[in-house]
Amino acid sequence: MEAVKLEIRCPQMVNGIGLEPDPDWSFKSLLLELDSLEKKLNLSSSVSLPFAKTKSREIYGEKGTKRSSNAFVMRVSDEEFEDSEGENEKVRDRGLVKAARFNCNEFYFSSDDDSDDQPCLDVQTLMNEVGLVESALYELTHEHQLGVKEEIRNTISALETDLMNESEKSSSAHTKVEKYREARREVERKFDVQYQRRVAEGLDNHLTAVQRDHELKSQIEERKIRSDAAHEEAKRREKALQEERLRQEKAKAEAELQAKLKAEEANRAALEAERIAAKEAAEKEAAKSSKANTSEVPQTEASGGPNATSSRVENDKTNKSELAGNMLRAAESALKLERERLQKLKELEEINQSLRSSSNQNFDSTGRLIGRLIRQISGNKDKVSTQASELVKIFNNPHCPQTISIAYFAQKVVSNCESPSHSAFACAHVIVLVTSQFPQAMDLVLAEIHRACIYTVPKHISYTKSAFESKEAYWKVIGYKEDDGKIESTTDYLVRLESYMKLYGALVQTEVAGCQNVHGLKEGWAWLARFLNALPANMYTAVALYAFLQMAGFALFRKYRSQFMKMLNFISENFLNALRSQDDPDLRPITSKIQCYLEDKLFLQEPEGRTLHSSLLSNNMAPESDYHGPYHQQSRHFY
């Protein structure tokens with residue numbers, strides 16, 4: 001395309017408008033300058049021009065697309081428009097832009113209004129020149145666009161090349177990372193295998209060491225058992241010798257005592273005979289004097305006759321029965337059951353005595369074994385089951401008569417109540433498990449409990465001077481122990497009383513799946529009814545009642561509900577009021593304990609130790625605390 005060259009020679013300023021173009025103008029700046037020039041020409045002209053700009057100048061690209069909105073449109077006459085358009089068409093057909101050369105000096109701009117043709121000619125010439133300028137600018141713009149497009153294509157190609165390089169680098173890095181990960185996994189797997197191998201070796205070594213320690217401990221235990229057995233045998237023989245000596249001494253002392261008692265009985269019979277003779281003589285003498293004084297009274301009335309004698313005898317019997325009834329407070333049904341159980345125990349002891357006499361064997365080792373098993377009872381379910389199974393095996397041992405084993409069991413299980421580590425609920429479970437297979441053992445256990453504590457019957461013996469020679473004799477009757485001729489304190493007695501009552505209360509409420517408790521809650525309900533109906537309110541009965549409610553109250557409430565609540569109301573309204581009415585400071589602690597039990601509804605809470613643990617927690621099982629309330633520091637009281 002041929003270059004277009006415009007040579008314009010004109011004055012520098014025409015009517016304040018600069019005509020010399022700036023060689024450094026941009027296309028946009030040139031268009032702005034042309035718009036400014038047109039506006040100034042329109043304003044400076046004092047006559048109406050034949051054409052005026054009504055639309056912005058538009059520049060189109062090679063494809064006819066709109067490129068700018070800064071073009072302008074002029075209105076000209078039809079003849080001028082046709083001439084100029086024909087000439088432009090010829091130029092466009094040749095693909096060239098017509099070059100024009102003009103001199104501004106040839107134009108004369110005048111503000112005079114004399115001639116109308118001169119301004120039109122000047123404007124037409126200017127329009128032709130502007131068209132040439134716009135064509136040149138269009139070519140320059142087109143070339144610039146092509147250059148920009150080429151530059152953009154080069155930039156895009158470079159960016160695509162860089163992107164492909166970066167993608168290849170990223171793929172290569174990703175491959176390296178995957179290989180590194182796989183290598184790390186392999187290393188970790190090898191480490192895991194080595195670690196597992198080491199753990200297995202360590203575990204094997206540990207188990208071997210543990211097994212070796214167990215074997216060593218077993219050997220030590222076996223040696224200890226053999227040593228203990230030898231020691232026990234030596235002690236048994238020594239004890240047998242001592243018992244034999246004591247038996248001989250006791251037999252000798254009993255013989256002497258019998259002789260002495262016989263002598264005293266003879267003396268007492270002689271004195272009684274003398275007393276009766278003297279009394280009869282005095283009665284005869286009194287009868288004679290009464291006859292002399294009352295000679296008018298009929299003979300039958302004065303002598304009194306046999307009816308008076310029989311009446312005196314009946315009155316004496318009545319007074320003695322009333323005295324015994326006031327001393328012993330218990331329900332007749334309870335006393336009957338007690339007599340039956342004690343009779344069974346007595347018969348069993350006689351049978352065992354005859355077996356020992358007829359046999360050369362010593363069964364004390366069986367008694368020690370049973371005692372050790374009972375002392376090892378704890379609040380663990382597995383331990384309880386194991387101990388019960390061992391006791392059943394002993395009962396079935398043919399080398400020891402079953403009656404002797406059962407007697408030992410009844411004695412040891414009751415005497416164990418006094419042990420500080422005694423667990424009443426666990427011991428009750430063992431009793432139920434054993435007696436479910438040997439029902440006859442239950443009556444013997446209850447007989448031993450009744451013998452140790454009269455309040456398990458329940459019954460109470462009141463103190464009266466006419467019935468007992470001394471207070472010590474009364475204490476012995478209600479269960480106080482004597483050691484070296486000294487009676488135990490009331491504190492110790494109440495502690496033992498509470499432990500026996502706790503064992504009895506735990507026994508009546510114990511239920512074992514698959515086993516029958518022959519002395520269950522029904523008997524516990526009967527005991528509570530007999531207790532409240534027959535026994536008075538005092539220190540001994542209050543401690544017994546509180547211990548029983550602690551152990552059996554929860555189970556009784558769950559079974560009898562409203563009936564049990566009536567029992568508790570009776571205790572609150574009668575038993576506690578009877579305790580308060582005595583106004584004894586020593587009764588206040590136990591009274592407040594029973595009152596708190598009722599008011600706080602502790603019978604709704606399961607007592608501690610009632611549910612046996614299934615895991616080995618024997619070391620953590622705290623023994624049931626004995627009753628160490630303030631009433632243990634009291635002096636002896638009698639009711």
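We count residues from 1, following the sequence as given. Just so it is clear, the structure is predicted and the values come from calculations on it, not from any experiment.
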S.K.: Considering residues at least two apart in sequence or located in another chain, which fulfil the side-chain contact (heavy atoms from CB on, under 4.5 Å) criterion with Glu215?
M.R.: Gln211
S.K.: Do side-chain atoms of Ser385 reach the backbone of Lys381 as a donor and acceptor pair under 3.5 angstrom?
M.R.: no
S.K.: May I ask you to decide if Asp364's main-chain N or O and Asn362's side chain share a donor-acceptor pair within less than 3.5 Å?
M.R.: yes
S.K.: Taking the side chain as every heavy atom from C-beta outward, state whether Gln387 and Ile374 have any pair of such atoms under 4.5 Å apart.
M.R.: no
S.K.: Among side-chain atoms of Thr541 and Asn538, is any donor-acceptor pair under 3.5 angstrom?
M.R.: yes
S.K.: Once you measure the plane-to-plane angle for Tyr540 and His460, does it fall in the parallel (<30°), tilted (30-60°) or perpendicular (>60°) bin?
M.R.: tilted
S.K.: For a quick check under 3.5 Å, do Ser365 and Glu232 share a side-chain donor-acceptor pair by atom type?
M.R.: no
S.K.: Between Arg237 and Glu233 (salt bridge meaning N to carboxylate O under 4.0 Å), is one present in this structure?
M.R.: yes
S.K.: Can Gln353 and Glu349 be counted as having a side-chain donor-acceptor contact under 3.5 angstrom?
M.R.: no
S.K.: Run Glu390 and Arg372 through salt bridge (Lys or Arg N to Asp or Glu O under 4.0 Å) and show every step you take.
M.R.: CA-CA 11 Å; Glu390 292 295 327; Arg372 183 164 62 251; over 6 Å; no
S.K.: Do Ser227 side-chain atoms and Lys224 backbone N/O form a donor-acceptor pair below 3.5 Å?
M.R.: no
S.K.: Do Asn533 and Arg530 have side-chain atoms, one donor and one acceptor, less than 3.5 Å apart?
M.R.: no
S.K.: Counting only heavy atoms not in Gln516 (residues, nucleotides, ligands), do more than 12 fall under 6.0 Å from its CD?
M.R.: no
S.K.: Going by distance alone, is a donor N or O of one side chain under 3.5 Å from an acceptor N or O of the other, for Asn352 and Thr403?
M.R.: yes
S.K.: Check this for me: does any side-chain nitrogen of one of Lys476 and Glu469 sit under 4.0 Å from a carboxylate oxygen of the other?
M.R.: no
S.K.: Run the ring-centre check on Phe570 versus Phe575 and record whether the distance is less than 6.0 Å.
M.R.: no
S.K.: Does one side chain, of Tyr480 or Thr490, offer a donor that lies under 3.5 Å from an acceptor on the other?
M.R.: yes
S.K.: Assess whether atom CD of Glu350 is packed by more than 12 heavy atoms of other residues, nucleotides or ligands within 6.0 Å.
M.R.: yes
S.K.: Can you tell me if Tyr455 uses its side chain to pair, donor with acceptor, with the backbone of Leu545 under 3.5 Å?
M.R.: no
S.K.: Closer than 3.5 angstrom, by distance alone: can the side chain of Asp584 be matched with the main-chain N or O of Asp586 as a donor-acceptor pair?
M.R.: yes
S.K.: Check the side chains of Gln595 and Arg580 for a donor-acceptor pair under 3.5 angstrom, ignoring hydrogens and angles.
M.R.: yes
S.K.: Within the structure provided, determine whether Thr366 and Ile404 are in side-chain contact (heavy-atom separation under 4.5 Å).
M.R.: no
S.K.: Check whether the side chains of Arg610 and Gln509 place a donor and an acceptor atom closer than 3.5 Å, and report yes or no.
M.R.: yes
S.K.: Say whether Tyr500 and His450, considering side chains only, have a donor N or O and an acceptor N or O under 3.5 Å apart.
M.R.: no
S.K.: If you measure only the distance, is there a donor-acceptor pair under 3.5 Å linking the side chains of Tyr597 and Gln550?
M.R.: no
S.K.: Could you pull out the closest heavy-atom pair between Val413 and Cys427, with the gap in Å?
M.R.: CG2-SG, 3.2 Å
S.K.: Just by distance, do the side chain of Gln582 and the backbone of Ala537 share a donor-acceptor pair under 3.5 Å?
M.R.: yes
S.K.: Could Arg561 and Phe557 be counted as a cation-pi pair, given that NZ or CZ must be under 6.0 Å from the ring centre and within 45° of the axis?
M.R.: yes
S.K.: Closest heavy-atom contact between Phe548 and Gly505?
M.R.: CD1-CA, 3.8 Å
S.K.: What I'd like to find out is whether the side chain of Ile571 reaches to under 4.5 Å of the side chain of Leu549, using heavy atoms alone.
M.R.: yes
S.K.: Looking at every heavy atom in both Ala330 and Pro458, which two are closest together, and how far apart are they?
M.R.: CB-O, 3.5 Å
S.K.: So Ser470 and Trp475, do their side chains get closer than 4.5 Å, heavy atoms only?
M.R.: no
S.K.: For Phe603 and Phe564, take the angle between the two ring planes, folded into 0 to 90°, and tell me which bin it lands in: parallel under 30, tilted 30 to 60, perpendicular over 60.
M.R.: perpendicular
